[in-house]
Amino acid sequence: MSDRYQALVRTPVGQLVAKNLGLPNPPPLVRYTPGQPLVDGTVLVGGVPGGRLVDVVPGLLGDLGVQASGEGDQRHRGLVFDATGITTAEHLVELQRFFSPVVRSLAGNGRVLVLGSPPELAEDGERVAQRALEGFTRSLGKEVGRGSTVQLVQVAPGAEQAITSTLAFFLSAKSAYVSGQVVRLGGNSLTDVPEPADWQRPLDGTVALVTGAARGIGESIARTLHRDGATVVGLDVPQVAGDLKALTDELGGQAINLDITGKDASQRIAARLRDEYGGVDVVVHNAGITRDRRLANMDTDRFASVLAVNLVAPQRITEHLLGADVLRPGGRVVGVASIAGIAGNTGQTNYATSKAGVIGLVQALAGPAGEHKVTVNAVAPGFIETQMTATVPLAVREAGRRMNSLRQGGLPVDVAETVAWFAHPGSSAVTGNVVRVCGQSLLGA
Ligand code: NAD
């Protein structure tokens, strides 16, 4: 689905008209292409004395091949600030002291990371100060402009060495459409991180199941996990078997043609994965449907069918794969929620219920799955350009595209890159998170 307004505004005449009329001017977003350096430029690292990460981060960036910059440098691709040493409210002024002099030197498509501690693990004054970091990062996300993004990464004590895959994701072009997010690492038993043999193909030797893989976001997830080295098993309804086969043949994977709401779907999926691969490492519950109608006009079938695909099936399949030990230790479960599940949406009581339930699934399962050394997270896409959103009425579509800090819709690959970060073997400390891929949408903010 093309964004004609964005194309127009990038022409010289379009730029002039947009400027004079005060219309939104979506910045071109740079996305990752394999072979390109992870971070195209240098990163300035700072922090307050006593922080747990300021001395660790430069070494981890060095492992990723990322160069450090000095404070006097003209341009920084990234700014990383260790705020874990901020223990009182008065101390928060250190944020201003670090960022104000350097924020103008942030390159377009730049990256800002504030590293903090999970407030609930801190006490009293420190808890107050750490919670305050959220307001800072979300506001800076709205100020930086030019395609730049800002996140808060809360690192629990003990997880300091388990943040490399997260630094790689948030400092690179892979997170082009993710901004204003608060992510939590650690606080669980999963902080021993196996180093991938090859950072270009971190999923080598793993098997990934992607539901709803025949088109849209699912297809992009399948392609991205394959790029990262996984053997991909794509699943979709029998009606689209031809499209699915074309994709899985191209990726050298396998296709499963079934409806995930079928009575024996979990058993059939488990049997295929066990018989053909001895198990599975990554499960992405992407298949989803909408059946919009205002509640007064909604019949039970319409409500129940959306719940069945978007929530009941992912819950059943996950519980079955875990219970039958088909999901291997080190495994990853990724749900696909939606900002509709956070903000709510007219005509979508059924859809929003199902997607809020996916968030509940992450919260309910992250603990028990951790005992199997499996992480559970979800992405919550905002407006993504797909066939699903192409059917949305024009005015709503335009609002969806522009009402976010990046002034444009995302692409399926933006969701896929976020899934690939969750799936990364280095992301074992990342569990129980719901990360919005929405360009910092104003909805549900
Ligand atoms: P899409 O309609 O283009 O693709 C969904 C795929 O799921 C299709 O291939 C479909 O055949 C498959 N599917 C549907 N029901 C199934 C079933 N019962 N069993 C097996 N497969 C089934 O949708 P999309 O835009 O690519 O969305 C993918 C996911 O992202 C969905 O969960 C959707 O709710 C979510 N999402 C999308 C957006 C967006 O802006 N496009 C925003 C938020 C969330």
Side-chain angles (χ1 to χ4, degrees), residues 1 3 177-178 209-224 233-248 255-266 268-269 283-292 304-314 316-317 334-345 348 350-359 361 378-392 396-401 403-404 408-416 418-419 434-439 441 443-444:
M1 183 69 212
D3 179 347
Y177 197 63
V178 183
L209 171 73
V210 181
T211 70
R215 68 177 206 189
I217 293 172
E219 176 186 346
S220 188
I221 294 170
R223 289 185 182 283
T224 304
V233 180
L235 181 153
D236 215 303
V237 290
Q239 294 89 312
V240 294
D243 289 344
L244 184 64
K245 182 173 177 339
L247 177 72
T248 51
I256 302 181
N257 303 303
L258 59 74
D259 183 329
I260 53 170
T261 64
K263 229 173 42 205
D264 57 351
S266 305
R268 286 173 61 195
I269 293 168
V283 176
V284 187
H285 295 293
N286 162 78
I289 58 168
T290 50
R291 297 281 183 272
D292 297 358
S305 61
V306 170
L307 280 180
V309 177
N310 297 1
L311 180 59
V312 179
R316 271 203 197 132
I317 294 167
V334 184
V336 178
S338 164
I339 57 167
I342 297 168
N345 202 10
Q348 292 200 314
N350 51 358
Y351 184 74
T353 304
S354 72
K355 293 300 188 181
V358 170
I359 296 171
L361 200 59
V379 281
F383 186 95
I384 306 294
E385 306 280 355
T386 66
Q387 289 185 38
M388 191 185 250
T389 47
T391 62
V392 171
V396 181
R397 205 184 318 146
E398 262 312 290
R401 280 179 177 141
M403 281 170 61
N404 60 72
Q408 58 200 287
L411 302 180
V413 72
D414 298 320
V415 181
T418 310
V419 171
V434 178
V435 172
R436 296 165 49 147
V437 183
C438 64
S441 171
L443 299 179

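The model shown is predicted, which means the values in this text are computed figures rather than measured ones. Note that ligands are numbered from 1 as they come in the structure, with each ligand's atoms numbered from 1 the same way. Index from 1, following the sequence.
- The distance from ligand 1 to the heavy atoms of I289 drops below 4.0 Å at these ligand atoms: 14 (C), 15 (N).
- Side chain of N286 to main chain of G212: a donor-acceptor pair is present (N/O by atom type, distance under 3.5 Å, no hydrogens or angles).
- In terms of protein heavy-atom proximity, atom 19 (N) of ligand 1 is nearest to I260 N, 3.1 Å.
- For D236 (side chain) and A214 (main-chain N/O), a donor-acceptor pair under 3.5 Å exists by modelled atom type.
- The distance from ligand 1 to the heavy atoms of P381 drops below 4.0 Å at these ligand atoms: 42 (C), 43 (C), 44 (C).
- Remark: ligand 1 and V309 share no N or O pair separated by less than 3.5 Å (distance only, no angle test).
- The closest donor-acceptor contact from the side chain of R397 to the backbone of V392 lies under 3.5 Å.
- Residue contacts with ligand 1: L258 is included, with a non-hydrogen atom under 4.0 Å away.
- The backbone N or O of D292 lies less than 3.5 Å from no partner atom in the side chain of T290, so there is not a single donor-acceptor pair.
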key: Verdict with reasoning, V334 to V283, per side-chain contact (heavy atoms from CB on, under 4.5 Å)   = CA-CA 6 Å; V334 184; V283 176; over 6 Å; no
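- The shortest N/O to N/O separation between T261 and ligand 1 does not fall below 3.5 Å.
- Ranking protein heavy atoms by distance to atom 41 (N) of ligand 1, first place goes to T386 OG1, 3.0 Å.
- For atom 17 (C) of ligand 1, the nearest protein heavy atom (residue, atom name, distance) is V237 CG1, 3.5 Å.
- Under 4.0 Å from ligand 1, not a single heavy atom of I339 appears.
- Taking a cut-off of under 4.0 Å to the non-hydrogen atoms of S338, the atoms of ligand 1 that pass are 43 (C), 44 (C).
- Looking at N350, its side chain does come within 3.5 Å of a backbone N or O of R291 through a donor-acceptor pair.
- Using a 4.0 Å heavy-atom cutoff, H285 is absent from the residues neighbouring ligand 1.
- Residue E385 does not touch ligand 1, judged by heavy-atom distances below 4.0 Å.
- Here is the list of ligand 1 atoms found below 4.0 Å of a heavy atom in Y351: 33 (C), 34 (O), 35 (C), 36 (N), 43 (C), 44 (C).
- For the side-chain contact (heavy atoms from CB on, under 4.5 Å) criterion with Y177, the lone passing option out of V437, V413, T418 is V437.
- Side-chain contact between L258 and L235: present, with at least one pair of heavy atoms (C-beta onward) separated by less than 4.5 Å.
- Those atoms of ligand 1 with a heavy atom of A337 less than 4.0 angstrom away are 44 (C).
- Using modelled atom types, no side-chain atom of T261 and backbone atom of A308 make a donor-acceptor pair closer than 3.5 Å.
- Taking a cut-off of under 4.0 Å to the non-hydrogen atoms of G382, the atoms of ligand 1 that pass are 40 (O), 42 (C), 43 (C).
- The shortest separation from a heavy atom of A308 to ligand 1 is not under 4.0 Å, leaving the residue out of contact.
- Looking from atom 27 (O) of ligand 1 to the surrounding protein, the closest heavy atom is I217 CD1, 3.8 Å.
- Counting protein heavy atoms only, atom 32 (O) of ligand 1 is closest to N286 O, 2.8 Å.
- N310 and S354 are linked by a side-chain donor-acceptor pair at a separation below 3.5 angstrom, with hydrogens and angles left out of the test.
- The protein heavy atom nearest to atom 7 (O) of ligand 1 is G212 CA, 3.4 Å.
- Taking every non-hydrogen atom of I384 and a distance limit under 4.0 Å, the qualifying atoms of ligand 1 come out as 39 (C), 40 (O), 41 (N).
- Scanning the protein for heavy atoms near atom 9 (O) of ligand 1, the closest one is D236 OD2, 2.6 Å.
- Residues I342 and R436 form a side-chain contact, since some pair of their non-hydrogen atoms from C-beta on lies under 4.5 Å apart.
- Ligand-side atoms of ligand 1 in range of D259: 17 (C), 18 (N), 19 (N), range being under 4.0 angstrom from any heavy atom.
- Minimum interatomic distance between G400 and F383 (heavy atoms only, all atoms of both residues): O-CB, 3.6 Å.
- With a 4.0 Å heavy-atom cut-off, ligand 1 is reached by no atom of A213.
- Listed for the S441 side chain is no donor-acceptor partner under 3.5 Å among the backbone atoms of C438.
- Looking at atom 4 (O) of ligand 1, its nearest protein heavy atom turns out to be R215 NE, 3.6 Å.
- Counting heavy atoms only, V336 comes closest to atom 30 (O) of ligand 1 of the residues V240, T389, V336, V415.
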